[in-house]
Amino acid sequence: MNPTVGIAVILTVLQAAHCQMIKDLSACLLGQSLRVDCRYENKTSNPLTYEFSITKDNRKHVIHSTISVSENIYRNRANVTMHKNLVCLYLQSFTTSDEGVYMCELKATNDYTGNQIKNITVIKDKLEKCAGFSLLIQNTSWLLLLLLSLPLLQAVDFVSL
């Protein structure tokens, strides 16, 4: 085999093996809940696994995960939603005792380059409220319903004239 061809094949395999990359990790308050957004770039259709955890007192606590088992104290308070290139953790009844370093860990099936990990320090008094636009991303079903019903609402107004 030609060495140049061999190197090209290895580089192609290494590029294809890196399936996702975490682009951004952010946190905000949504009412009394904490929302942690883990945005990523996905270059494959392979299923994605995730883990959200918090480090407090030099100990890792798993909040919600498809990789390992979540701790009991978070099971009833935490849920995760997944959208295109976004995994969101919601932690209900967020208090100062939930402050710490939050971690998002992602892994695509058959991605042999390892897990992608990003951390963010969360302090309740320093959190901003979640922006309205990002709320629309989370709840697009009502927006879609509204847009689809606009012609009907206009028709009703026209008939009543």
Side-chain angles (χ1 to χ4, degrees), residues 13-150 152-153:
V13 168
L14 287 175
Q15 282 182 331
H18 190 68
C19 298
Q20 92 288 332
M21 180 179 76
I22 298 176
K23 295 171 74 174
D24 183 47
L25 186 64
S26 61
C28 61
L29 277 176
L30 184 61
Q32 296 299 314
S33 298
L34 170 70
R35 190 179 88 205
V36 180
D37 293 347
C38 187
R39 296 181 194 287
Y40 63 94
E41 180 180 344
N42 200 355
K43 298 177 183 174
T44 179
S45 60
N46 294 349
L48 185 71
T49 58
Y50 63 85
E51 179 172 287
F52 283 97
S53 61
I54 182 175
T55 301
K56 295 190 312 185
D57 303 321
N58 294 322
R59 186 167 169 259
K60 177 181 170 182
H61 304 271
V62 177
I63 299 171
H64 204 282
S65 179
T66 58
I67 298 172
S68 62
V69 178
S70 304
E71 293 189 16
N72 284 334
I73 60 170
Y74 296 109
R75 283 196 187 136
N76 294 331
R77 296 177 48 212
N79 67 340
V80 169
T81 60
M82 296 179 74
H83 305 281
K84 184 179 180 181
N85 298 334
L86 178 65
V87 182
C88 296
L89 167 72
Y90 294 90
L91 183 61
Q92 298 173 5
S93 303
F94 179 73
T95 66
T96 54
S97 65
D98 297 313
E99 294 177 342
V101 178
Y102 281 73
M103 180 181 73
C104 174
E105 181 176 351
L106 301 179
K107 179 169 178 45
T109 305
N110 299 325
D111 181 359
Y112 302 108
T113 60
N115 297 3
Q116 291 286 307
I117 299 172
K118 202 155 192 117
N119 298 321
I120 186 170
T121 300
V122 173
I123 299 171
K124 187 172 184 181
D125 291 341
K126 295 189 178 185
L127 284 174
E128 300 211 8
K129 292 187 178 185
C130 298
F133 180 72
S134 58
L135 292 175
L136 292 177
I137 293 172
Q138 302 301 314
N139 299 307
T140 54
S141 57
W142 73 267
L143 183 61
L144 180 60
L145 182 61
L146 178 65
L147 291 174
L148 291 174
S149 62
L150 280 178
L152 294 173
L153 293 172

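Given the structure is predicted, the values throughout are model-derived calculations rather than measurements.
R35 CZ to S26 OG: the interatomic distance, rounded to the nearest 0.5 Å, is 7.0 Å. How far CG of L89 is from CG of N79: 7.5 Å, rounded to the nearest 0.5 Å. One finds the CG atom of N119 at 9.0 Å from the CD1 atom of I22 (value rounded to the nearest 0.5 Å). To the nearest 0.5 Å, the span separating CG on D98 from CZ on R77 amounts to 4.0 Å. Between atom CG of residue N72 and atom NE2 of residue H61 there is a gap of 13.0 Å, rounded to the nearest 0.5 Å. Here the CD-CG distance, from Q92 to L30, works out to 10.5 Å after rounding to the nearest 0.5 Å.
Residue L34 is tested with T95, I63, L127 for a side-chain contact (heavy atoms from CB on, under 4.5 Å); the sole match is L127. Among the candidates Y74, Y50, Y90, the single residue satisfying the side-chain contact (heavy atoms from CB on, under 4.5 Å) test with H64 is Y50. When each of K118, K107, K60 is tested with E51 by the rule salt bridge (charged side-chain N to carboxylate O under 4.0 Å, His left out), just one qualifies, namely K60.
The backbone N or O of F94 sits less than 3.5 Å from a side-chain atom of K124, completing a donor-acceptor pair. With S70 contributing its side chain and R75 its backbone, the two residues share no donor-acceptor pair below 3.5 Å. Between the side chain of R39 and the backbone N or O of L86, no donor-acceptor pair lies under 3.5 Å.
The two residues L48 and A108 make their nearest non-hydrogen contact at CD1-N, 4.0 Å. The heavy-atom pair separating S33 from S93 by the smallest distance is OG-N, 4.3 Å.
For the cysteine pair C38 and C88, the distance separating the two SG atoms is not below 2.5 Å.
Between V36 and L25, some side-chain heavy-atom pair lies under the 4.5 Å cut-off.
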